[in-house]
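Here is the structure we will look at.
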Amino acid sequence: MLQIQQLRDEKERIILGLEKKFVLNASEQVEKAILLDNERKEIQSNLNKFQEEVNKLSAEVGQLMKSGQKEQAEAIKLQVAGKKGEIKTLEEKTAVLEDSLFNALVVLPNVPHVSVPNGRTPEENELVESWGESKNMPEGSLPHWDLIAKYDIIDFENGNKVSGAGFPFYKGKGAKLQRALINFFLDEAEKAGYNEMQPPIVINKESGYGTGQLPDKDGQMYHIQEDGLYMIPTAEVPITNYFRDTILKETELPKKCVGYTPCFRREAGSWGAHVRGLNRLHQFDKVEIVQIAHPDQSYLILEDMRKYVQGLLEKLNLPYRVLRLCGGDMSQTSALTYDMEVYSGAQARWLEVSSVSNFETFQSNRLKLRAKSEETKKTFLLHTLNGSALALPRIVAALLENNQTPEGIRIPDVLVPYTRFEWIN
RNA sequence: GGAGAGAUGCCUGAGUGGCCGAAAGGAACAGUUUGCUAAACUGUCGUACGGGUAACUGUACCGAGGGUUCGAAUCCCUCUCUCUCCGCCA
């Protein structure tokens, strides 16, 4: 959520940014929020004056009672009682205004970074770099869903029976490959200085708001109504919320965390073409990296995280490209997002395998995630960043497709110590 | 799930209606001194929203939300959470 102070201080930049994300009536929405806040301030300072008077008078009553001047005390009591109605009214007005202001702010998306390209559709994303040869596979190459069936490593039919579409069983070498990838990703992250965490996979409403999944993506999360809990769509949510309501020391920064969790997405409405096999699931595994950074360093750290993810893809020998998402293709909460896409030769298309983002203060504002400056002794909001490192299903799909041979599927060298087999055949 | 106890600042913990935004101790930070793998002393040490260039100042916050009262950390109600014992259990 944007801060009202940002709207005041950088109105023009905010409005332009919102327009880059195609927010309707951006200028009017910003103006409306500022007006609401002006009104709020006025009423609040009015209320504070009344409260000050009441506090002073009440203190006098105390003094008078002590010195036994009962009658004067009674007179002042009446005075105070007269102001109570006014205070009540002002309090109610303040509450209503605060609520309206919140509602006006919470619907605004984050403002994109200056480097974010203009554009509305995925085609307008900017190609930043690419690695490896993205060639189409030779004649007779199979897409991963056929390979899965051929080697019997993932079972969609029984997943369908037991849970529903999008909840497959991984079997035999398919299951071991999952385990290998998770361990490989966690070990790599640890080497890069990330602290491993195993977070809860259900979260409460407050956490959903903290990282911005609520109210925006309400329908995308599985909701356990009876307990008021949501199943996490990504480990970003519990790990970032771990730092909710905290004031860190500058010397502790940056905080680097990594966690593996299953992720759950309802993906309501987006079922259809292009989602065969592993391309889109309701439950999938992902290793997520999260950093809490000083505002001065967050963009350097973002580059660092991006390079880290690219390094993983290179170790797995998967050809990829890096895109800087355009305004229209970015999420509500992000200020700058890089997508990593791996080329699937057999499907002849790019598959998004990772998304690395800087949220600046958009999440930390709601999270109340701050640090205290050593010099000024003031608190300030920190920047939050995260990225998939990596999400399994599409990595598995790409590995299967790109490494298929007549003899079977070749496991990349770096994974063999984890799988303890070299071929799926 | 049953019974009881509790929730105070970074931590421990005092505070049962006005003198409490809150004692004391610890931790941390700064300074002084003695000196050397530290000690002693002194000082600083919550957050948010307003006003002010600033010093400073007003208000709110003692788990959350309501209530009583001229006045609430302190009394009442509701909720949440924690702990202990019992039950159940991976």
Side-chain angles (χ1 to χ4, degrees), chain A residues 1-9 33-106 198 200-210 224-230 238 241-253 255 262 292 361 363-382:
Chain A
M1 188 167 84
L2 296 172
Q3 301 146 257
I4 185 66
Q5 202 54 42
Q6 289 177 301
L7 305 203
R8 291 181 173 284
D9 295 347
I34 293 176
L35 285 177
L36 280 170
D37 191 49
N38 286 341
E39 211 179 325
R40 194 212 97 232
K41 275 191 190 176
E42 195 184 322
I43 295 205
Q44 200 174 48
S45 80
N46 223 329
L47 171 64
N48 285 173
K49 279 190 199 113
F50 270 99
Q51 285 169 324
E52 185 182 359
E53 282 177 52
V54 167
N55 286 345
K56 284 196 173 135
L57 289 171
S58 296
E60 274 181 52
V61 172
Q63 288 301 316
L64 291 169
M65 295 293 257
K66 215 169 255 177
S67 55
Q69 295 166 277
K70 284 251 166 79
E71 279 184 24
Q72 277 151 309
E74 288 303 323
I76 294 178
K77 276 194 197 180
L78 283 176
Q79 254 190 70
V80 176
K83 296 184 192 296
K84 281 190 77 179
E86 194 69 28
I87 287 186
K88 186 118 188 162
T89 313
L90 288 170
E91 273 174 350
E92 278 162 10
K93 272 192 196 168
T94 309
V96 169
L97 282 168
E98 277 172 358
D99 212 47
S100 312
L101 180 61
F102 175 84
N103 289 326
L105 288 174
V106 82
Q198 198 173 61
I201 59 171
V202 295
I203 49 134
N204 58 26
K205 196 173 72 227
E206 289 72 23
S207 296
Y209 274 99
I224 305 164
Q225 306 256 349
E226 195 175 358
D227 297 295
L229 298 169
Y230 296 84
N241 271 282
Y242 176 89
F243 297 98
R244 174 147 52 90
D245 291 318
T246 56
I247 299 179
L248 299 172
K249 290 184 191 140
E250 274 182 303
T251 50
E252 294 178 84
L253 300 172
K255 286 277 184 193
I292 313 295
T361 59
Q363 293 182 327
S364 59
N365 182 34
R366 289 300 318 275
L367 291 164
K368 295 203 186 71
L369 166 50
R370 294 158 293 174
K372 190 168 210 161
S373 161
E374 287 291 322
E375 297 163 36
T376 64
K377 305 284 178 201
K378 299 236 188 235
T379 56
F380 57 94
L381 292 172
L382 292 168

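The sequence lines fix the lettering, A, B, ..., with proteins before strands; numbering per chain opens at 1.
With a 3.5 Å ceiling on both atom-pair distances, rC88(B) lacks any Watson-Crick or G-U wobble partner. Shown here, rC62(B) forms no base pair; nothing in the strands shown gives a Watson-Crick or G-U wobble contact with both key distances under 3.5 Å. Taking a pair to require two hydrogen-bonding distances under 3.5 Å in either a Watson-Crick or a G-U wobble arrangement, rC36(B) remains unpaired. Under the Watson-Crick or G-U wobble criterion, with both distances below 3.5 Å, rC83(B) is paired with rG4(B). Remark: rU53(B) base-pairs with no nucleotide in the shown strands. Criterion, Watson-Crick or G-U wobble with two distances under 3.5 Å. When both pairing distances are held under 3.5 Å, rU42(B) makes a Watson-Crick or G-U pair with rA30(B). As the counterpart of rA72(B), no nucleotide is assigned, since no Watson-Crick or G-U wobble pattern has both distances under 3.5 Å. Pairing of rA22(B), defined by two Watson-Crick or G-U wobble distances under 3.5 Å, is not identified with any nucleotide.
Taking the charged nitrogens against the carboxylate oxygens, E52(A) and K56(A) do have a contact shorter than 4.0 Å, which makes a salt bridge. Between K77(A) and E74(A) there is a salt bridge, since at least one side-chain N of the basic residue sits less than 4.0 Å from a carboxylate O of the acidic one.
Taking atom C1' on both nucleotides, rA27(B) is separated from rG66(B) by 37 Å, rounded to a whole Å. When the C1' atom is used for both rU12(B) and rG65(B), the distance is 29 Å, rounded to whole Å. Across the P atoms, rC62(B) and rG51(B) are found 24 Å apart, a figure rounded to whole Å. Here the separation of rU78(B) from rA22(B), taken at their P atoms, is 32 Å to the nearest Å. rC20(B) and rC79(B) are spaced 27 Å apart, taking the C1' atom of each and rounding to whole Å. Look at the P atom in both rA64(B) and rA73(B): the space between them is 12 Å, to the nearest Å. Comparing rU69(B) with rG58(B), their C1' atoms are spaced 23 Å from each other, to the whole Å. The same atom, C1', is picked in rG18(B) and in rU74(B); the two are 11 Å apart, to the nearest Å.
Out of rG58(B), rU47(B), rG50(B), the shortest distance to the side chain of E52(A) is found at rG58(B). Residue K84(A) places its side chain closer to rG71(B) than to any other of rG71(B), rA60(B), rG58(B). Of all nucleotides listed (rC70(B), rA60(B), rC49(B)), rC49(B) comes nearest to the side chain of Q44(A). Counting only heavy atoms from C-beta on, V61(A) has its side chain closest to rG18(B) among rU47(B), rU59(B), rG18(B). With rC70(B), rG50(B), rA48(B) as the choices, the nucleotide that has an atom nearest any side-chain atom of M65(A) turns out to be rC70(B). Distance from the side chain of N48(A) is smallest for rU59(B) among the nucleotides rU59(B), rA48(B), rC70(B).
Side-chain contact annotation: N38(A) with R8(A), donor-acceptor N/O pair under 3.5 Å present.
A 6.0 Å sphere centred on OH of Y209(A) holds more than 12 heavy atoms belonging to other residues, nucleotides or ligands. Around atom CD of E71(A), no more than 12 heavy atoms belonging to other residues, nucleotides or ligands sit under 6.0 Å away.
K70(A) comes within contact range of no nucleotide atom at all, as no heavy-atom separation falls under 4.0 Å. If you check every strand for non-hydrogen atoms under 4.0 Å, I247(A) touches sugar and phosphate atoms only.
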Let's go through N55(A) and S58(A) carefully: what are the C-alpha distance in whole Å and the side-chain angles of both, what is the deciding distance for side chain to side chain donor-acceptor pair (under 3.5 Å) to 0.1 Å, and is it a yes or a no? CA-CA 5 Å; N55(A) 286 345; S58(A) 296; 5.6 Å; no
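Taking only side-chain nitrogens and oxygens, R370(A) never comes nearer than 4.0 Å to OP1 or OP2 of rU47(B). For S45(A), no side-chain nitrogen or oxygen approaches OP1 or OP2 of rU59(B) to under 4.0 Å. Phosphate contact (OP1/OP2 of rA60(B), side-chain N/O of N55(A), threshold under 4.0 Å): present. Contact annotation: K368(A) does not reach the phosphate of rG46(B) (side-chain N/O to OP1 or OP2, under 4.0 Å).
Regarding K88(A), its NZ atom lies at a distance of 13 Å from the C1' atom of rU69(B), rounded to whole Å. When the P atom of rG65(B) is taken as reference, atom CG of D99(A) falls 14 Å away, rounded to whole Å. Distance L369(A) CG to rU47(B) P: 15 Å, rounded to the nearest Å. Put simply, CD on E60(A) is 14 Å from P on rC19(B), counting in whole angstrom units.
For the residue pair I76(A) and L64(A), the shortest heavy atom distance occurs at CD1-CD1, 3.5 Å.
In this structure, CD1 in I247(A) is found 10.0 Å from CG in L369(A), a value given to the nearest 0.5 Å.
RNA chain B is contacted by both S58(A) and K372(A); S58(A) maps to the nucleotide lying nearer its 5′ end (nearest heavy atom per residue). Mapping V80(A) and K249(A) onto RNA chain B by nearest heavy atom places K249(A) closer to the 5' end of the strand.
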